[in-house]
S.K.: 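Quick one: this structure, given as structure tokens, is what I'll be asking you about.
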2 protein chains.
Amino acid sequence: MQERSDTDGAERGRSVGRPRRRATIGDVAAQAGVSKATVSRVMNASRTVDPVIAERVRQAAADLEYRPSAVGRSLVLGRTETVGVVVPDLANPTFQELLRALSRAAAADDYRLLFADSSESPREEAILAADLRRHCDGVVLAAPRLPAEELATEVERLGPAVLYNRPGEPGSGAAVDYAGGILALARHLHELGHRQLVFVAGPSTSVSNRIRLAALREFETGHAGVRLQVVPGGVDFAAGYDAAEPVLATGATAAVAFNDLVAMGLLSGVHERGVDVPGQLAITGFDDIPFSGYTTPPLTTCHTPIEAAAHACWAHVRALLAGEEPPPEVLLPVELRVRASTGGAAAAAG
Amino acid sequence: MQERSDTDGAERGRSVGRPRRRATIGDVAAQAGVSKATVSRVMNASRTVDPVIAERVRQAAADLEYRPSAVGRSLVLGRTETVGVVVPDLANPTFQELLRALSRAAAADDYRLLFADSSESPREEAILAADLRRHCDGVVLAAPRLPAEELATEVERLGPAVLYNRPGEPGSGAAVDYAGGILALARHLHELGHRQLVFVAGPSTSVSNRIRLAALREFETGHAGVRLQVVPGGVDFAAGYDAAEPVLATGATAAVAFNDLVAMGLLSGVHERGVDVPGQLAITGFDDIPFSGYTTPPLTTCHTPIEAAAHACWAHVRALLAGEEPPPEVLLPVELRVRASTGGAAAAAG
DNA sequence: TCGGGGGGTGAAATCGTTTTCTCTCAAGGC
DNA sequence: GCCTTGAGAGAAAACGATTTCACCCCCCGA
């Protein structure tokens with residue numbers, strides 16, 4: 001047996017020219033003088049194969065530099081061992097960390113990640129998710145901007161799909177407790193004596209923006225003397241920077257920004273206008289991104305446990321893929337981080 | 001024709017229970033009363049199909065919510081229309097931007113990206129790249145940490161593979177002109193009167209670190225009176241922060257950091273020790289990441305055109321996938337960004 | 001009227017795996 | 001010595017698409 005083909009051997013040399021055809025399971029089988037079934041068994045560490053033959057197969061595979069085709073495998077197995085991730089904006093450190101943690105969690109289960117950035121566009125979001133889904137076993141949508149009803153049908157249609165930061169909606173895997181966090185910030189500012197607050201809002205398509213705003217409104221009605229104003233903002237540094245003028249125009253003594261990026265932009269913007277922070281204006285962010293502790297002054301913000309979020313989402317995905325009942329949605333607790341941008345507890349003002 | 005099966009119709013209802021089996025091309029063919037070949041032709045917009053039949057097929061596909069399986073397609077086509085990307089550390093804004101731009105470029109060609117983070121480990125790098133490669137048509141390795149020889153065989157073995165920031169090595173698609181950039185920084189500092197320089201180094205596995213160091217050494221020997229010292233650093237904020245003490249111990253008047261992250265950490269570290277920047281110590285970074293203009297003081301650095309890098313790499317990938325001769329390596333020009341952390345041109349010191 | 005040509009369609013091969021299912025053979029129990 | 005059992009291995013049928021090839025049929029020109 002084991003008739004070797006000379007032409008194959010020749011073609012397989014390190015000819016730099018054309019990319020040599022990759023060896024298939026059939027090639028290995030022929031080279032080792034066994035059937036494809038046996039090669040498959042060896043490759044998948046099945047116990048029912050003669051050690052001598054197994055070794056011969058392994059040798060042949062090594063000689064031919066055989067790498068099993070994931071596509072062929074996926075077709076018969078019915079799964080790709082890949083999941084897709086769609087984020088609204090990778091420029092946001094929050095989503096970077098999420099992607100990283102998610103990729104790590106997936107890797108631990110021998111899964112890999114398909115990535116897409118929707119640029120904050122709900123339209124793109126649905127299209128990208130559907131496209132990704134065709135190539136993998138499931139998707140996680142990070143802070144999707146789609147309206148609730150559309151999102152629900154989208155989740156239904158996508159099959160295994162889990163949501164991050166869409167609390168209470170079908171498919172939700174984990175969500176940050178924005179209400180709790182924003183309340184903590186508001187209380188902190190209130191204790192410092194601030195009564196005139198201004199919220200630098202995020203995108204109107206963002207559910208978490210609505211949650212933040214609702215929490216602030218509730219705080220306003222619950223505390224006599226507190227007055228809340230709102231100025232449009234956005235999601236990034238530039239948005240905060242551009243909001244400096246409108247914010248100062250409100251006459252508020254404290255600004256609650258949609259997130260750290262916006263807060264840092266605002267900080268930079270008011271700084272340029274000679275406004276003292278926190279003396280004339282206190283500023284808070286959200287997320288506690290890596291740089292927020294190193295701005296001047298350092299930013300008071302809420303720390304969100306992104307790694308925990310990623311793990312919760314992955315656990316959800318895994319359950320769905322295994323056909324099991326997914327765990328209940330995880331509401332991630334946030335932690336107030338008081339820094340100098342609000343003057344700390346000591347530098348309170350009237 | 002068009003005999004419809006009631007059981008199928010029933011099973012296909014929106015039963016929330018088990019995930020209904022996805023319709024295949026065969027189902028659509030049966031429903032429309034045509035062959036699979038015709039369905040395929042309609043799906044791929046082949047001109048040679050009767051408009052009436054085409055419409056019937058489209059209707060059937062819509063009814064069944066048919067989504068062509070990418071896996072089946074990939075198997076017969078021999079390509080997945082997916083490429084993998086391996087980065088050393090997604091926490092670095094440079095790689096975030098690269099990933100984003102690359103994903104956008106890929107999307108424009110109807111390709112998607114598989115993502116992996118090697119955590120700066122050369123071991124992981126090779127493993128991840130090989131794993132990714134099995135699932136896609138090619139890979140791009142961003143600033144790989146593997147030694148040149150190993151990397152070369154790895155690139156050879158991986159098939160279509162392009163390198164970012166490994167100038168001159170086989171498979172290189174694009175690389176930043178670190179030598180030119182670091183020289184511009186050195187000249188800038190020299191003009192300001194600085195003679196005692198200290199380099200806060202990056203990882204020893206980083207080729208671009210060696211390039212930076214070599215350029216500085218060359219500058220040192222080429223300019224009488226200039227003295228260069230080196231302290232170990234790293235790749236992130238913490239590394240720069242921890243380098244504060246060693247840097248100050250050298251007595252140097254200007255510190256050239258491996259990148260912006262390290263520079264910002266250093267800035268923070270020396271700031272805590274009451275050192276004035278740039279009065280007592282000038283600091284430069286590299287990359288011009290989004291925040292570098294907003295530290296206190298803002299960071300003098302070199303801007304690197306990441307988007308151009310991504311496009312060059314993608315062009316390389318695309319050529320490789322099409323079996324064409326890839327374009328020559330692109331050496332990306334950098335731009336000096338003078339800001340307050342070196343005192344600008346005016347605040348020169350002796 | 002016949003031949004040729006071309007447009008529209010379907011049957012079947014193909015891609016690279018995994019997994020029944022079948023078969024062989026050797027060992028062990030009665 | 002016969003029958004059962006089980007282990008090891010191969011042939012073949014999936015999986016879901018694309019594409020070659022052959023076929024049919026209609027129309028046109030001679």
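Numbered from 1 within each chain, the chains take letters A, B, ... in sequence-line order.
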S.K.: For A:Glu329, which residues count as a side chain to side chain contact (heavy atoms under 4.5 Å, CB included) partner, sequence neighbours excluded?
M.R.: A:Pro167, A:Ser172

S.K.: Applying ring-ring contact (aromatic ring centres under 6.0 Å, His included), name anything that partners A:Tyr111, two or more places apart in sequence or on another chain.
M.R.: A:Trp314

S.K.: So if I define the base as every atom that isn't primed, P, OP1 or OP2, how would nucleotides 10-18 of chain C read as a B/S/- string at a heavy-atom cutoff under 4.0 Å?
M.R.: BB---BBBB

S.K.: Check nucleotides 25-27 of chain C against the protein and report each pair of N or O atoms closer than 3.5 Å, with its distance, or say if there are none.
M.R.:
none

S.K.: Over its full length, what angle do the end axes of the helix from C:dT1-D:dA30 to C:dC30-D:dG1 make, each axis taken from five pairs and the result rounded to 10 degrees?
M.R.: 50°

S.K.: Apply side-chain hydrogen bond (donor to acceptor under 3.5 Å, both in side chains) to B:Thr205 and list each qualifying residue two or more places apart in sequence or on a separate chain.
M.R.: none

S.K.: With sequence neighbours excluded, what pairs up with A:Leu128 under the side chain to side chain contact (heavy atoms under 4.5 Å, CB included) test?
M.R.: A:Ala116, A:Ser118, A:Glu124

S.K.: Distance-only, no hydrogens or angles: does the B:Arg145 side chain make a donor-acceptor pair with backbone N or O of B:Glu120 under 3.5 Å?
M.R.: no

S.K.: Just jot down the side chain to side chain contact (heavy atoms under 4.5 Å, CB included) partners of B:Pro170, sequence neighbours excluded, or say none.
M.R.: B:Ala152

S.K.: Would you please test B:Asn165 and B:Val207 for side-chain contact (heavy atoms from CB on, under 4.5 Å) and show each step?
M.R.: CA-CA 8 Å; B:Asn165 267 351; B:Val207 164; over 6 Å; no

S.K.: Applying salt bridge (charged side-chain N to carboxylate O under 4.0 Å, His left out), name anything that partners B:Arg79, two or more places apart in sequence or on another chain.
M.R.: B:Glu81

S.K.: So do the side chains of B:Asn44 and B:Arg73 get within less than 4.5 Å of each other, counting heavy atoms only?
M.R.: yes

S.K.: Name the first nucleotide and the last nucleotide along DNA chain D (5' to 3') that come under 4.0 Å of a heavy atom in chain B.
M.R.: D:dG16 to D:dT19

S.K.: Taking side-chain hydrogen bond (donor to acceptor under 3.5 Å, both in side chains) as the definition, give me every residue that meets it alongside A:Ser119, ordered by chain and number, with sequence neighbours left out.
M.R.: B:Arg104

S.K.: Do any pairs count as a salt bridge (Lys or Arg N to Asp or Glu O under 4.0 Å) and have a residue in residues 311-327 of chain A, sequence neighbours left out, and if so which ones?
M.R.: A:Asp109-A:Arg318

S.K.: Check this for me, if you would: do A:Arg100 and B:Asp89 make a salt bridge, where the nitrogen-to-carboxylate-oxygen distance has to be below 4.0 angstrom?
M.R.: yes

